[in-house]
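The structure appears right after this line, and notes come after that.
Remember, predicted model here, so these are calculated numbers, not experimental data.
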Amino acid sequence: VNIFVDNGLLRNREAELVEMTFRDHFGMDLRVVDARAQFLLGIIYLNGFVDPPRPDAAAEWLRKAAEQGEPTGQSGLGDIYQHGWGVAQDLVTAARWYRKAAEGGYGPAYKGIRNIEILAAREQRRLATSRDQALAEVIREAEEEHARLLAASGRTAPGNAPRIEE
């Protein structure tokens, strides 16, 4: 069985002409897949047009559309991964799908890419702050331990020796 995926990027009625050409003129057993419909099913499951919303099913349908080159499906799958709806949150995978959608001409995917960049920058700042705080805490604890050991031994730290009056 030969498969033709209509991802919605052909001109008006061009998908029908492709299907007719391969079936009627070449006699091919052709299965037509409408990636736009798969995208719409994903949106239906995600946005609660079924009760209750099914983000896992949304992820499955959006993945099918995305893997067949449907740019809106690719961007939708980016959203799924960015927010962790029905899948484990994965910003790298989200960015990859947004990039594919943008390369496919889907302008709104650039917003998803920008969101990922903002989230990544925030995470880098958070990690740097956490690292700096942890380092300051280790230094403070080391200084306290050093002072405690000096006090226990009856010695003083350099620069803290008692002054001898003349």
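Here the side chain of Tyr98 pairs a donor or acceptor atom with the backbone of Asp79 at under 3.5 angstrom. Proximity of a side-chain donor or acceptor of Thr21 to a complementary backbone N or O of Leu17 within less than 3.5 Å is detected. Put simply, the side chain of Gln89 gets close to the backbone of Gln82: a donor and an acceptor are under 3.5 Å apart.
Electrostatic pairing of Arg140 and Glu137 counts as a salt bridge here, judged by a charged N lying under 4.0 Å from a carboxylate O. Between Glu103 and Arg99, no side-chain nitrogen of the basic residue sits less than 4.0 Å from a carboxylate oxygen of the acidic one, so the salt-bridge criterion is not met.
Atom CD of Glu117 sits about 9.5 Å away from atom CG of Asn115, to the nearest 0.5 Å. Distance check, rounded to the nearest 0.5 Å: CG of Leu91 to CD1 of Ile116 gives 4.5 Å. Here CG of Asp132 is found 11.0 Å from CG of Leu127. Values are rounded to the nearest 0.5 Å.
Put simply, the side chain of Arg131 does not reach to within 4.5 Å of the side chain of Leu135, judged on heavy atoms. A heavy-atom distance below 4.5 Å is not found between the side chains of Ser75 and Trp97. By the 4.5 Å heavy-atom criterion applied to side chains, Gln133 and Thr129 are counted as neighbours.
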Can Ile80 and Leu46 be said to form a side-chain contact (heavy atoms from CB on, under 4.5 Å), step by step? CA-CA 9 Å; Ile80 290 283; Leu46 183 62; 4.0 Å; yes
Glu145 and Arg148: side-chain contact (heavy atoms from CB on, under 4.5 Å), yes or no, with the steps? CA-CA 5 Å; Glu145 180 65 12; Arg148 188 185 67 71; 2.6 Å; yes
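Between Ala66 and Leu77, the shortest heavy-atom distance links the atoms CB-CD2, 3.9 Å. Across all non-hydrogen atoms, the minimal contact from Gly78 to Ala94 is O-CB, 3.3 Å. Nearest approach of Ala109 to Ala101, heavy atoms of both residues: CB-CB, 3.6 Å. Smallest separation of non-hydrogen atoms from Gly73 and Ala65: CA-CB, 4.2 Å.
Leu119 and Tyr110 end up in the same hydrophobic cluster when Ile, Leu, Val, Met, Phe, Trp and Tyr side chains are linked at under 4.5 Å.
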